[in-house]
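Throughout, a chain's letter reflects where its sequence line sits, starting with A, and its residues are numbered from 1. These numbers come from a predicted model, not from an experiment.
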2 protein chains.
Amino acid sequence: MLTTKKTIRRQFILDEAAKLFKEKGYGGTSMRDLAGNVGLEAASMYNYIKSKDEILELICSRIAGIYISQLHDIEQTAASYADKVKALIRLHIRLMVEEGPAVSVANHDWKYLPEPQLTAFKQARKDYEKGFAQLIEQGMAAGEFQPLNVSVALFTILSAVRWVELWYRPGRGLSAEELEEDIITMLLSGLAK
Amino acid sequence: MLTTKKTIRRQFILDEAAKLFKEKGYGGTSMRDLAGNVGLEAASMYNYIKSKDEILELICSRIAGIYISQLHDIEQTAASYADKVKALIRLHIRLMVEEGPAVSVANHDWKYLPEPQLTAFKQARKDYEKGFAQLIEQGMAAGEFQPLNVSVALFTILSAVRWVELWYRPGRGLSAEELEEDIITMLLSGLAK
DNA sequence: GGCTCTTACGAACACTTGTTAGAAAAAGCA
DNA sequence: TGCTTTTTCTAACAAGTGTTCGTAAGAGCC
């Protein structure tokens, strides 16, 4: 059985850690802080996790895995490049809305990963960016997109969706669907009329 | 005279601090780290700055001041809203290219500001965002822009330019001018043809 | 030279950090 | 019930934190 009691508690620690890391940063969060939020003493958490580093590793690698498998899925569909890019943007936004804290940690605190996980994470991200860039490049070659610098297009998209977690709060006059639609309109069609 | 020897050395400490804060975060940078980069012992730096907090305050408030005065300047020009937004995007990118580390610190480490500077900084940022949002809103009312959610448009723009410092390196096949043009095209006209 | 004022340093401070060891408590099971 | 295993705690550790103090070295000026 995968969902043992221990595994569940462990995941709870990871979730609380992600929230705190997002709020105060990896370095700014102490094991005693985390223990307080979890409802244990700091020492007791070591029955569930090996180290503070390991917490960061587990959060980052899980998110990285999701991103990569999502890209892989989309690459294999038979759709226009514009639709593929749109679908990818949608997945980014959804993941951000559903897993805000963990995604935030993977975006900001990955640099505190110890080796060799740091190198692995950077490589995974590079692979992901390369795959995404290829979609954009092929879309340009097919005449679906404007002939822009591919990196600029790529990072403008990634940046725009990355910061959703910083200012978007569900249930404040803007639904997740409207958010998706408007971001896609903005990125694909632009602000100007 | 403003540029005394002391002031210059002080600014050097602030510049080195910004680089380190950007690289390793505010909490991840120790005064001994900073002293090493400056070429002094940690204790000696206290002849130039009052505290580690003060370093962060000086960096953040300087950048905040630049943003606000730039917005103010643009608001008072007589141009179309599209041109005003374009000009603001340009200024963002330029500041990012010229003052990368300091801007990065103001974007990421402001949350470690002590009170009351923290509240002041958040208020300044809110004011700035409100002013920027008004430009977008007026542009929509004037029929220059598409009728999107204003916050989505605003934060998509801010996010896109904010992350320039994370991946743009001058002199690597993409000039600052091309960068500006492509980002503006992307944000105003969109990726799709 | 000597005198003054600024700058730099080493040592120490009180405190926090992640982590471990050993004992106590709780839970599972016969 | 008693025995075993898991979970939790308290206490402590070595290392690192920002900062202060007293003193030594240096610079500028007579």
Side-chain angles (χ1 to χ4, degrees), chain A residues 1-60 105 109-115 117-118, chain B residues 1-60 105 109-115 117-118:
Chain A
M1 171 159 45
L2 254 153
T3 56
T4 69
K5 197 147 195 173
K6 191 153 189 170
T7 314
I8 291 175
R9 302 254 254 171
R10 190 172 127 119
Q11 189 56 47
F12 179 66
I13 292 177
L14 295 180
D15 290 345
E16 290 300 313
K19 288 187 209 164
L20 278 178
F21 291 171
K22 172 182 175 180
E23 193 182 332
K24 320 204 290 176
Y26 178 71
T29 303
S30 75
M31 293 298 277
R32 289 167 180 83
D33 286 343
L34 176 55
N37 275 43
V38 168
L40 286 176
E41 289 302 310
S44 308
M45 291 190 301
Y46 285 81
N47 276 23
Y48 301 98
I49 49 100
K50 280 203 263 295
S51 66
K52 193 188 179 189
D53 284 344
E54 196 204 37
I55 295 177
L56 186 61
E57 293 164 25
L58 290 170
I59 294 172
C60 289
V105 170
D109 295 322
W110 58 267
K111 53 183 151 180
Y112 305 114
L113 283 169
E115 294 291 359
Q117 285 85 357
L118 178 61
Chain B
M1 168 160 45
L2 254 153
T3 56
T4 69
K5 197 148 193 172
K6 191 153 187 170
T7 314
I8 292 175
R9 300 254 252 171
R10 191 172 126 117
Q11 189 56 49
F12 179 65
I13 292 178
L14 294 180
D15 290 345
E16 289 301 312
K19 286 188 210 165
L20 279 178
F21 291 171
K22 172 182 175 180
E23 194 182 330
K24 319 202 293 175
Y26 179 72
T29 303
S30 75
M31 293 298 278
R32 288 167 180 83
D33 284 344
L34 177 54
N37 275 42
V38 168
L40 287 176
E41 288 303 309
S44 308
M45 289 190 302
Y46 285 82
N47 279 354
Y48 301 98
I49 48 104
K50 278 203 263 296
S51 66
K52 192 188 179 188
D53 286 342
E54 198 204 36
I55 296 178
L56 186 60
E57 292 164 25
L58 290 170
I59 294 173
C60 289
V105 170
D109 295 323
W110 58 267
K111 52 183 153 182
Y112 304 115
L113 282 169
E115 293 292 0
Q117 286 85 357
L118 177 60

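- Going from atom NZ of A:Lys6 over to atom C1' of D:dT8 covers 12 Å, rounded to whole Å.
- B:Glu54 places its CD atom 14 Å from the C1' atom of D:dT19, with the value rounded to the nearest Å.
- Here the C1' atom of nucleotide C:dT20 and the CD1 atom of A:Ile49 are 13 Å apart, to the nearest Å.
- Residue B:Ala42 has its side chain nearest to D:dT19 when only C:dG18, D:dT19, D:dA11 are considered.
- Between B:Ser30 and the phosphate of D:dG16, there is no side-chain N or O to OP1/OP2 separation shorter than 4.0 Å.
- Contact between the side-chain N/O atoms of B:Ser44 and the OP1/OP2 oxygens of C:dC9 is found at a separation under 4.0 Å.
- Residues B:Gln117 and B:Leu56 fail the side-chain proximity criterion, which asks for heavy atoms closer than 4.5 Å.
- Residue B:Met31 contributes atom CE, which lies 18 Å from atom P of C:dT17 at whole-angstrom precision.
- Between the side chain of B:Arg32 and the base of D:dG18, at least one donor-acceptor pair of N or O atoms lies under 3.5 Å.
- Residue A:Asn47 has its side chain nearest to D:dT7 when only D:dT7, D:dG18, D:dA11 are considered.
- The nearest whole Å value for the distance from the CZ atom in A:Arg9 to the C1' atom in C:dA27 is 12 Å.
- As a whole-Å value, the separation of A:Tyr46 OH from C:dT19 P is 3 Å.
- At whole-Å resolution of the value, CG in A:Leu34 and P in C:dT16 are 18 Å apart.
- Taking the ring centre of A:Tyr26 as origin, the terminal cationic atom of A:Lys52 falls inside the region bounded by 6.0 Å and 45° from the ring axis.
- Atom CD of A:Glu41 and atom C1' of D:dT8 are 9 Å apart (whole Å).
- Residues B:Met31 and B:Ile49 form a side-chain contact, since some pair of their non-hydrogen atoms from C-beta on lies under 4.5 Å apart.
- The closest side-chain heavy-atom distance from A:Ile55 to A:Leu34 is below 4.5 Å.
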